[in-house]
Each structure stands twice: as C-alpha cells, then as structure tokens.
Amino acid sequence: MVAEIKAILETVSDPEIPVLSVLDLGVVRNMSKEGDAVTIQLTPTYNGCPAVDAMSMSIKLALLSAGYKTVHIETVLSPAWTSDWISDEGKQKLKAYGIAPPIGKSLYPEDMENLTPPCPQCGSEETTLVSAFGSTACKALFRCISCKEPFDYFKCH
Ligand SMILES: [Zn+2]
C-alpha cells in the first residue's frame, strides 16, 4: 500500500530542482494510508523555504488525482532536514543536472569558503567559491578553475 504512495511521490519533483523527486530530496518523513485517506509527513529543507508550500501542494494534487479522497500533509520540523537526507540516487541526479551535490556532512554557510566541491562538468577538484548565494537560497555559486565553467553547489543544511 505504501509502495503505491511511494510510486506516486516519485513523480512529484522539487520545484527548485525538477530532476529531483520529493523522495530523492528526503523531505518525506512518513506516509500512511487509511481507507482512501493518506497522511504524508513532510520536513521542509529549511525554515521558511518557499518551495515547501509548492511541494506539499504538488504532493496533494498528485495523490488526489491518483484517486485518494483525502490527503493530509503534516509538517514535521524536528529533527531538522539536512542535505545528508538526499538519497544517493538524488545526488547522482543533481550531478547529472550540473549541480554539485553536497559533500560529506551538512555544511554551514561559513564553511563554504574552504569548500571545493568537484566540478559536475569535468570532475576537477580545483574549484572556487564565487558567491555563497547562488540562483536560490539553497545553492552557492562556484567556478571551476580547470574548465572555467560556473556551477551551482547544493548547500542546504
Ligand atoms: Zn570543470
């Protein structure tokens, strides 16, 4: 039964990074089903992340259009989401999309200066931080010294 819900959630993507499903992102904490009512527990990627509303709306719509009559979305704030929750498959998808996946443990913005995520284009580890704030609050902008290409690094912690 839950496998059925899982299959539906796999089709719901992160509004900011369309190649990632909400399952890849690791924001779905729990799912349960009772009759034709579904309850999904969701943990936002960070407090006040505008993507969360869009995400719960997409999840709701996907489940309703799959025939479930009632969909409850519950927000669970603790423990807080960290980028460690992104699935390995999700990290591969990020890389293929040109975004360097988070490396190691979750990082705080102040650690960004010392960080050299490998370039998703050419794999070089000679990269440099351009801006701690990339195209969205969840990303930092880096530039590869080898191929000169700029790239986003997924930094949410
Ligand atoms: Zn490169």
Side-chain angles (χ1 to χ4, degrees), residues 2-31 40-63 65-66 73 75-157:
V2 172
E4 207 177 288
I5 300 170
K6 231 173 160 173
I8 297 165
L9 294 185
E10 257 158 24
T11 68
V12 180
S13 54
D14 174 4
E16 285 184 0
I17 308 162
V19 289
L20 284 190
S21 77
V22 291
L23 291 179
D24 293 327
L25 196 58
V27 293
V28 177
R29 184 64 61 82
N30 200 16
M31 44 192 131
I40 304 289
Q41 289 184 321
L42 211 64
T43 297
T45 46
Y46 66 96
N47 267 346
C49 188
V52 173
D53 287 340
M55 234 184 272
S56 42
M57 189 55 75
S58 312
I59 289 173
K60 210 166 186 170
L61 286 175
L63 289 164
S65 63
I73 309 280
T75 307
V76 182
L77 294 177
S78 177
W81 180 90
T82 84
S83 52
D84 301 341
W85 293 8
I86 299 177
S87 69
D88 288 340
E89 201 190 329
K91 286 177 185 166
Q92 289 307 317
K93 287 185 191 170
L94 272 176
K95 204 172 158 190
Y97 190 56
I99 298 174
I103 43 177
K105 286 280 154 202
S106 31
L107 286 157
Y108 290 87
E110 51 267 32
D111 296 328
M112 208 68 62
E113 296 285 336
N114 305 315
L115 196 70
T116 54
C119 168
Q121 263 91 254
C122 71
S124 166
E125 286 183 16
E126 281 183 85
T127 58
T128 180
L129 178 69
V130 177
S131 164
F133 299 94
S135 53
T136 73
C138 268
K139 291 175 223 150
L141 187 65
F142 279 79
R143 197 172 59 89
C144 175
I145 293 164
S146 301
C147 74
K148 313 270 192 283
E149 287 295 320
F151 64 91
D152 279 328
Y153 171 70
F154 194 95
K155 69 170 184 194
C156 255
H157 52 81

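These numbers come from a predicted model, not from an experiment. Below, each value reflects all heavy atoms present in this structure, side chains not excepted, and no hydrogens, waters or symmetry copies. All ligand and atom numbering here is 1-based and tracks the order in the structure. One is the number of the first residue; the rest follow in order along the sequence.
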- Message: Using the rule side chain to side chain contact (heavy atoms under 4.5 Å, CB included), only one of D88, I86, L20 pairs with K93; which is it?
- Response: L20
- Query: Quick one: which of C122, C119, P118 gives a side chain to side chain contact (heavy atoms under 4.5 Å, CB included) with F151?
  - Reply: C119
- Message: Could you report the tightest heavy-atom contact between T43 and P79, atom names first, then the distance?
- Response: CG2-O, 4.0 Å
- Flag side-chain contact, heavy atom, 4.5 Å: V76 against N30: no
- Message: Is there a side-chain contact between P117 and F154 in this structure, where contact means two heavy atoms from C-beta onward sitting under 4.5 Å apart?
- Response: no
- Query: Counting only heavy atoms not in E10, do more than 12 fall under 6.0 Å of its CD?
  - Reply: yes
- Query: Using a distance threshold of 2.8 Å, what protein N/O/S atoms lie below it relative to the Zn ion (ligand 1)?
  - Reply: C119 SG, C122 SG, C144 SG, C147 SG
